[in-house]
K.L.:
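My structure is below; once you've seen it, I'll send some questions.
Residue numbers begin at 1 in each chain, while the letters A, B, ... track the order of the sequences.
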Amino acid sequence: MTGQPLGPSTLPHNDNVNPYSYNIALDGTWFLRKGAMIAYYGQMRFEALSSVGSLTGMVARQFSSPMYTREWVVATGQGSLMVADRGHDVNSLDLEDGNLTVRASNLLAFTPDLQLKQSIVPGFLTLIGTGTFLASSNGPVVFAEPPLRVDPQALVGWADCPSPSHHFDAGWMSDFLGAAQGLLGRQSGEERQFDFTGAGTVLLQSSELVVEDPALLQQITEQTGMLGTGQLQSLVTTLQARLQGAQQ
Amino acid sequence: MPGFALVNHKVVSVPVAPGREVLAKRGAMLAYSGDVRFRPVSGPRPGLGGLVGRALSGEAAPLMVADGSGQVSYGYAGLAVHLVHLDGTGSLSVESDRLLCHDAGLQTAVVFLGQQGGVRGAVRGAVTGQGLFTTQVSGVGDVAVLAHGGVLELPVGGRPVVVDPQAYVGHVGAVQVDVSASVGWRDAVGRGSGEAVQLRLSGSGSVLVQASEERF
């Protein structure tokens with residue numbers, strides 16, 4: 001890197017400025033997560049998805065994820081738009097007539113020729129079609145091939161392979177002593193894993209507590225509609241125990 | 001048999017095979033391929049009276065052992081990972097919560113800092129905020145150590161090396177650690193340089209220094 005200050009003419013076009021920020025040469029429209037923009041040159045407007053009348057058609061076509069409309073804006077105009085996320089690495093990935101599922105809190109921006117849909121897995125979004133998107137990751141993204149089992153927190157996303165299933169590793173409990181320990185709540189911390197099979201690519205990052213995703217809460221709340229009174233009661237008990245644990 | 005290998009500066013890839021189990025921090029597994037199982041175990045093996053020692057020292061990081069055969073990726077909270085290969089001649093001294101993973105064949109022991117440097121050792125623990133105990137890893141094998149920011153490995157020998165207590169991660173080999181304080185009247189009135197307390201390392205080996213003064 002030179003010490004030269006960057007300007008609209010010297011900024012890289014549609015490329016990383018450094019590992020932590022990316023410059024979009026905006027000419028038209030991009031979908032952008034709220035808070036991802038750090039600076040821009042030129043003429044551009046940022047419009048909330050929920051409020052714009054003029055964009056309704058496009059939004060309805062490309063952004064079929066009502067739960068996330070409040071988290072996203074549409075950037076329109078010409079200029080240089082710089083994007084970053086908490087000092088994490090920003091990766092630009094191209095999709096060619098494919099599909100890729102990514103953690104909602106890691107997705108920063110995508111071109112409107114991609115279609116956004118909610119994944120079956122809570123907290124994840126699926127992009128379908130041909131286009132470019134930006135995703136953040138803690139440390140460089142590790143690309144791995146199935147068959148593979150992954151810690152849920154370490155997962156950034158997956159491409160071209162079937163959605164993962166849960167794998168519960170409690171094999172160590174099979175002997176008597178282990179079973180007793182298991183009953184006492186002893187855990188290896190890795191009981192719950194995502195199991196990937198089939199052909200495709202899995203994207204990983206160094207594990208960390210992921211940022212809170214408001215849509216995830218909404219999604220889980222909606223699903224509790226399927227529970228009966230007794231089950232709700234037991235859910236309340238579980239949540240209270242969790243809360244007490246977190247406050248200690 | 002290949003050993004530990006860094007995938008990038010935050011992720012390490014480790015082979016697991018029968019007879020080559022790996023101990024790791026609980027919850028640090030990112031992904032694995034093959035047939036690997038994770039079993040919870042307690043921290044460093046207690047030595048004589050170790051149980052009491054562990055309870056007192058706080059050096060009982062919850063661990064898990066990976067057995068079976070396959071390839072496991074470890075990483076923790078986006079912290080930088082540094083690999084140390086121990087060839088059996090020297091041991092690694094580090095805080096137990098900085099141990100990401102290591103070969104299960106290595107011996108770990110909780111050591112009272114007072115044993116290393118008498119009262120000065122105890123003072124060092126108190127000053128650096130590390131407490132009075134540290135974990136010593138010895139034997140032949142690989143260790144992955146966590147740090148905030150990247151890690152520098154500085155050779156110690158001949159001239160002593162002086163390190164900021166907050167940036168100190170651990171040391172390898174026969175290294176003596178002393179606290180050197182140069183507290184003057186400026187510190188007393190709050191006009192000090194902020195570097196009054198330092199760690200002076202001498203002997204032969206190396207010291208691991210992180211590029212940040214943040215604890216985790």
K.L.:
Counting only non-hydrogen atoms closer than 4.5 Å, does A:Pro140 touch chain B with its backbone (N, CA, C, O), its side chain (CB onward), both, or neither?
P.N.:
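Both backbone and side chain of A:Pro140 come within 4.5 Å of chain B.
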
K.L.:
Looking at A:Ser137, A:Gly139, A:Ala144, which has the largest count of heavy-atom pairs under 4.5 Å with chain B?
P.N.:
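The option with the most such pairs is A:Gly139.
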
K.L.:
Sort A:Leu148 into side chain, backbone, both or neither according to what part of it lies under 4.5 angstrom from a heavy atom of chain B.
P.N.:
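For A:Leu148, backbone and side chain are both near chain B.
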
K.L.:
Do A:Thr132 and A:Asp94 have a side chain donor and acceptor closer than 3.5 Å?
P.N.:
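There is such a pair between these side chains.
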
K.L.:
Side-chain donor-acceptor pair under 3.5 Å between B:Gln136 and B:Thr108, yes or no?
P.N.:
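B:Gln136 vs B:Thr108: no donor-acceptor pair found between side chains.
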
K.L.:
What about the rings of A:Phe110 and A:Trp72, do their centers lie closer together than 6.0 Å?
P.N.:
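Yes, close enough.
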
K.L.:
So, are B:Asp35 and B:Arg37 salt-bridged, with charged N and O less than 4.0 Å apart?
P.N.:
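A salt bridge is present here (some side-chain N lies under 4.0 Å from a carboxylate O).
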
